[in-house]
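Below is one structure, written out as structure tokens; comments come after it.
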There are 2 protein chains.
Amino acid sequence: VIELVGLDGDDTLWRNEEWFAEVHQAFHGLLDPYVPAGLDPVGALNEVERRNLELFGYGVKGFTLSMIETAIEVSGGRVSAGEIQRLIELGRTLLARPVELLDGVVETVDALRDAGFRLVIVTKGDLVHQETKVAGSGLADKFDGVEIVSEKDPPTYGRVLSRYGVAAERFVMVGNSVRSDVLPVLAVGARAVHIPSAVTWVHEIADHDGSVPTLASIRELPDWLAGNSPTSR
Amino acid sequence: VIELVGLDGDDTLWRNEEWFAEVHQAFHGLLDPYVPAGLDPVGALNEVERRNLELFGYGVKGFTLSMIETAIEVSGGRVSAGEIQRLIELGRTLLARPVELLDGVVETVDALRDAGFRLVIVTKGDLVHQETKVAGSGLADKFDGVEIVSEKDPPTYGRVLSRYGVAAERFVMVGNSVRSDVLPVLAVGARAVHIPSAVTWVHEIADHDGSVPTLASIRELPDWLAGNSPTSR
């Protein structure tokens, strides 16, 4: 029996990575006049982000600082103050963007509640931005809790289980990132369901061994969980 | 009887605002050649921060983005890419700075534990940076919990009380900011102790009516709480 279902936020409940892809495109266009042929500004940005992750953590503000650093580096300092201001505006657009729920999310969340599961959002990123997204999603009241974490590793999932008083075998995590939503969950002895998203952030790419249940849409989740619900036996 | 003591992090347990004052000075020096006589770049920065607070939240990453925006604005776009890179480095220095506990903190925390109080850190700012500071403080094991929040308002304190299962009249919050550590705590019916710090951030300045207990040093806290501890009766 599953008691608690954890749902990832970005690219599981609501659109996210697509907005970043748009910003990547704008970033590429802005830097194009400054970089030598063959140098991909977005590839350089990915490297700067990787270098900054430990200090900056996840989220739009660190991403924006990394865009600025990359722009200065790849342009050899030739990027203008006005272009840097434009990068800050791109970051601000990401922060201010209204939440767009993915297809089937509301119906699925309602079905899971009706089936008696306790539900928790487990999401990582900037504290204020994630809280804003949860509030903007209109989903908050349907969940038993929201956990905004700095990293999705086994100790983090251990703390979530202990906070909700649930044994590992009674928890399932559902998300689009194998690295964050699947592998660390399996490591603490809980279950995970993978719902791949259209676009996956380069720093989230990982593989599982194929034994992890993989759904094409969140709409398949209630059926997958049928027979595991607290009210089914 | 007090059961749970909340302690603020920045400028209550460890130094913080002094490091920002140093960065303000460097920011002032860097912008000085660009601004008309009589314009204070740090005053302009405070205004940009205020404008950005709702979207960026508290913390060093948002502060760094505000520094960059301010530099571009007050220089009329004349600030160079190299100078903007220098601002990012100033932000990075703040993020990487080792934690320095304030005088008397370790002894006081130990004394409160010995007296039987449950202890919680309640701090706001960037999630990753605050977690890093808690870890670097060496204090984590002495506390029953750490709450990193996006805003210290009455609903936030209400959630802390309910998470720890403590009635408002059995909670006291201790901190340097009247706006964040005192007024919203009184609003939920709990008690607060104000320990003013050497430097207070302009956005945290507020007054209380003089009836709030005010200590010159955290070292006075155990005596102030004597007679209120769970083991004292």
Query raised in the report: Could you go step by step and tell me if B/Leu7 and B/Val105 meet the side-chain contact (heavy atoms from CB on, under 4.5 Å) rule?
Result: CA-CA 10 Å; B/Leu7 286 149; B/Val105 162; over 6 Å; no
Query raised in the report: Would you call A/Arg159 and A/Glu147 a salt bridge, taking side-chain N to carboxylate O under 4.0 Å as the test?
Result: no
Query raised in the report: Side chain, backbone, both or neither: which part of A/Glu89 has a heavy atom under 4.5 Å from chain B?
Result: side chain
Query raised in the report: Measuring heavy-atom distances to chain A, does B/Val149 have an atom under 4.5 Å in its side chain, in its backbone, in both, or in neither?
Result: backbone
Query raised in the report: So what's closer than 4.5 Å to chain B heavy atoms on A/Ile88: side chain, backbone, both or neither?
Result: side chain
Query raised in the report: Do the side chain of B/Lys61 and the main chain of A/Thr64 share a donor and acceptor less than 3.5 angstrom apart?
Result: no
Query raised in the report: Any side-chain donor paired with an acceptor under 3.5 Å for B/Ser197 and B/Asp11?
Result: no
Query raised in the report: Checking A/Gln85 against chain B: side chain, backbone, both or neither under 4.5 Å from a heavy atom?
Result: both
Report summary line: Whatever's closer than 4.5 Å to a heavy atom in chain B on A/Glu83 counts as neither
Query raised in the report: Who among A/His129, A/Glu131, A/Glu73, A/Arg92 has the most heavy-atom pairs with chain B under 4.5 Å?
Result: A/Arg92
Report summary line: Given B/Asp126, B/Val79, B/Ile84, the one with more heavy-atom pairs under 4.5 angstrom with chain A than any other is B/Ile84
Requested in this report: Compute whether any side-chain donor of one residue and acceptor of the other, for A/Glu69 and A/Asn52, lie under 3.5 angstrom apart.
Outcome: yes
Query raised in the report: Taking the inter-plane angle between the rings of A/Phe63 and A/Phe20 on a 0 to 90° scale, is it parallel (under 30°), tilted (30 to 60°) or perpendicular (over 60°)?
Result: perpendicular
